[in-house]
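Okay, structure first, notes after.
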Amino acid sequence: MITRQFPVDLTLDYPLDIEYGTNKIAFFDIETTGFVAETTYLYLIGCIYYKESSLHMIQWFAEDIKEEALLIENFFEFIIDYDLLIHYNGSGFDIPYLNKKCEILQLDYSFKDIRSLDIYKKISPIKKIFRLNNYKQKTIETFLEVERKDSFGGGELIAVYQSYLGKKHIEELKKSRADKSADTAVDDKTSETDKLLQALLLHNEDDIKGLVQITPVLYYLDLFEKPFQILQAGTDEGNLTIRLEYDFSIPIRISFGNDSVYMNAYENSVIISIKTYEGELKYFYDNYRDYYYLPGEDRAIHKSLAIYVDKDYRVKAKPSTCYTKRYGLFVPQYLPIIAPFFKQEYHDKITFVEVHTDFLLQEDNLTGYIRHILRHISSVG
């Protein structure tokens, strides 16, 4: 087994220590010859970790497939000293793979005593806002303008590792024969085995460095979860425009939404534009049994007043006819967050809130509405 340990010239650009209450943080990634633990091999585990207020890296590499258990033992003994383990889709692959390997190799290790942060799972609820073709780690790296030296894909490395094992065996045979002969000349050139080893180590190194460098992607999640300050809210040209400010900055501008709701986020500001509806909408009363519907006037009135209306001009209200109308300027809400709310028809799922001075000035209501709209934006297809 080869163990490689060295400092890395990186900084952590997201306050994980504050968010999770610890600076005992380690990032990890594994390299295997396939996805199924029972029929494939683990050949490399890498970690980036904090030591003396700076980041360092350690890699454990299997020079032979028989060294799987040794790799796993070293990894688990190492992470004992850490409180938070960070990965990208490790919940879907790395952790189940290592758990299964522990079971197969009868090793008494698990992840039960360490907290885990899967960046992929963390950003999954809002991933549509990035408008990416896929959400692999390399794609997130490209979005955040993270550069890497490695040019291999994970699948390509399987053949590289297999080639490494074969060439290493051949080189060991040649060396053994050379030692037995009179020819003991030393070749200063880098061997093919070493070149393959360097490629394998570099890929894993770049994966974990990339994992550290993409942590600012978590700021995009904070747009939907963290407190904000409302700087401006008003209507203009058929839209309700709201400007927000946060106490953090996102690294790359994003714009996302549809014809009804749109957001533009840049640095520490977000501008939300919500299409308004000007016209007549209906307010539906809940207790329809207490109302009569007046077909001639197209509205419902309470039965205490209906006694003054001729029976020929009134009928008992139904849920769909138990309403009064309001003309005004409205904005949509996709859940009934703020009352009173209005609809076009009884069975409509989208309701509307009237935009008036009180609505814009009542900060609690407006904040609740904005949070609701942000949640809606994150789920827009």
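Side chains are part of it too, since the values below use all heavy atoms of this structure and drop only hydrogens, waters and symmetry mates. Position 1 is the first residue of the sequence; numbering continues from there.
Between Phe35 and Tyr97, the ring centre distance reaches or exceeds 6.0 Å. Tyr43 and Tyr41 have their aromatic ring centers separated by at least 6.0 angstrom. Residues Tyr219 and Tyr246 place their aromatic rings such that the two centres sit no closer than 6.0 Å. The distance between the ring centers of Tyr82 and Phe78 falls below 6.0 angstrom. The ring of Phe61 has its center closer than 6.0 angstrom to the ring center of Tyr164.
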Would you list the atom pairs, donor with acceptor, under 3.5 Å between side chains in residues 350-364 and any protein atom, with sequence neighbours excluded?
| residue | atom | partner | partner atom | Å |
| --- | --- | --- | --- | --- |
| Thr351 | OG1 | Gln333 | O | 3.4 |
| Thr351 | OG1 | Gln333 | NE2 | 3.2 |
| Glu354 | OE1 | Arg326 | NH1 | 2.5 |
| His356 | ND1 | Asp358 | N | 3.3 |
| His356 | ND1 | Phe359 | N | 3.0 |
| Gln362 | OE1 | Asn365 | ND2 | 3.2 |

Report all side-chain donor-acceptor pairs from residues 2-21 shorter than 3.5 Å, counting only partners two or more places apart or in another chain.
| residue | atom | partner | partner atom | Å |
| --- | --- | --- | --- | --- |
| Arg4 | NH1 | Gln59 | OE1 | 2.5 |
| Arg4 | NH1 | Glu205 | OE1 | 3.3 |
| Arg4 | NH2 | Glu205 | OE1 | 3.3 |
| Gln5 | NE2 | Tyr49 | OH | 2.6 |
| Thr11 | OG1 | Asp13 | OD1 | 3.1 |
| Tyr14 | OH | Asp222 | OD1 | 3.4 |
| Tyr14 | OH | Asp222 | OD2 | 2.8 |
| Glu19 | OE1 | Lys226 | NZ | 3.1 |
| Glu19 | OE2 | Lys226 | NZ | 2.9 |

Can I get a per-line list of side-chain donor-acceptor pairs under 3.5 Å for residues 340-348, giving both atom names and the distance, sequence neighbours left out?
| residue | atom | partner | partner atom | Å |
| --- | --- | --- | --- | --- |
| Lys343 | NZ | Tyr346 | O | 2.9 |
| Glu345 | OE1 | Lys282 | NZ | 3.4 |
| Asp348 | OD2 | Glu345 | N | 2.9 |

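For Glu73 and Tyr109, the side-chain atoms include no donor-acceptor pair closer than 3.5 Å. The closest side-chain donor-acceptor pair between Asn268 and Ser249, if any, does not fall under 3.5 angstrom.
Leu132 is not listed as a side-chain neighbour of Thr142, based on a closest heavy-atom distance of 4.5 Å or more. Counting heavy atoms from C-beta on, the side chains of Asn74 and Ile45 never come closer than 4.5 Å. With contacts defined as side-chain heavy-atom distances shorter than 4.5 Å, the pair Tyr161/Leu165 qualifies.
Summarising the geometry of Arg243 relative to Ser269, their closest heavy-atom pair is NH2-OG, 4.1 Å, with the distance given to 0.1 Å. Of all the heavy atoms in Ile95 and Ser116, the pair that sits closest is CD1-OG, 3.8 Å.
Residues passing the side-chain hydrogen bond (donor to acceptor under 3.5 Å, both in side chains) test with Tyr283, sequence neighbours excluded: none. Every residue two or more places apart in sequence or in another chain was checked for a side-chain hydrogen bond (donor to acceptor under 3.5 Å, both in side chains) with Gln162, and none qualifies.
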Original post:
Can Phe76 and Phe111 be said to form a ring-ring contact (aromatic ring centres under 6.0 Å, His included), step by step?
Top reply: CA-CA 9 Å; Phe76 276 102; Phe111 293 90; 5.0 Å; yes
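Under a 3.5 Å cut-off, the side chain of Asn239 and the backbone N or O of Thr241 do not form any donor-acceptor pair. Looking only at distances, no side-chain donor or acceptor of Lys24 sits under 3.5 Å from a matching main-chain atom of Asp81. Side chain of Asp29 to main chain of Asp207: no donor-acceptor pair is present (N/O by atom type, distance under 3.5 Å, no hydrogens or angles).
Of the listed residues (Phe248, Phe130, Phe256), just one forms a ring pair (Phe, Tyr, Trp, His ring centres under 6.0 Å) with Tyr220, and that residue is Phe130.
Between Lys138 and Glu141, no side-chain nitrogen of the basic residue sits less than 4.0 Å from a carboxylate oxygen of the acidic one, so the salt-bridge criterion is not met. Salt-bridge annotation for Lys325 and Asp298: present, with a side-chain N of the basic residue lying under 4.0 Å from a carboxylate O of the acidic one.
Evaluation of the side-chain hydrogen bond (donor to acceptor under 3.5 Å, both in side chains) test over residues 313-322, restricted to residues two or more places apart or in two chains, returns none.
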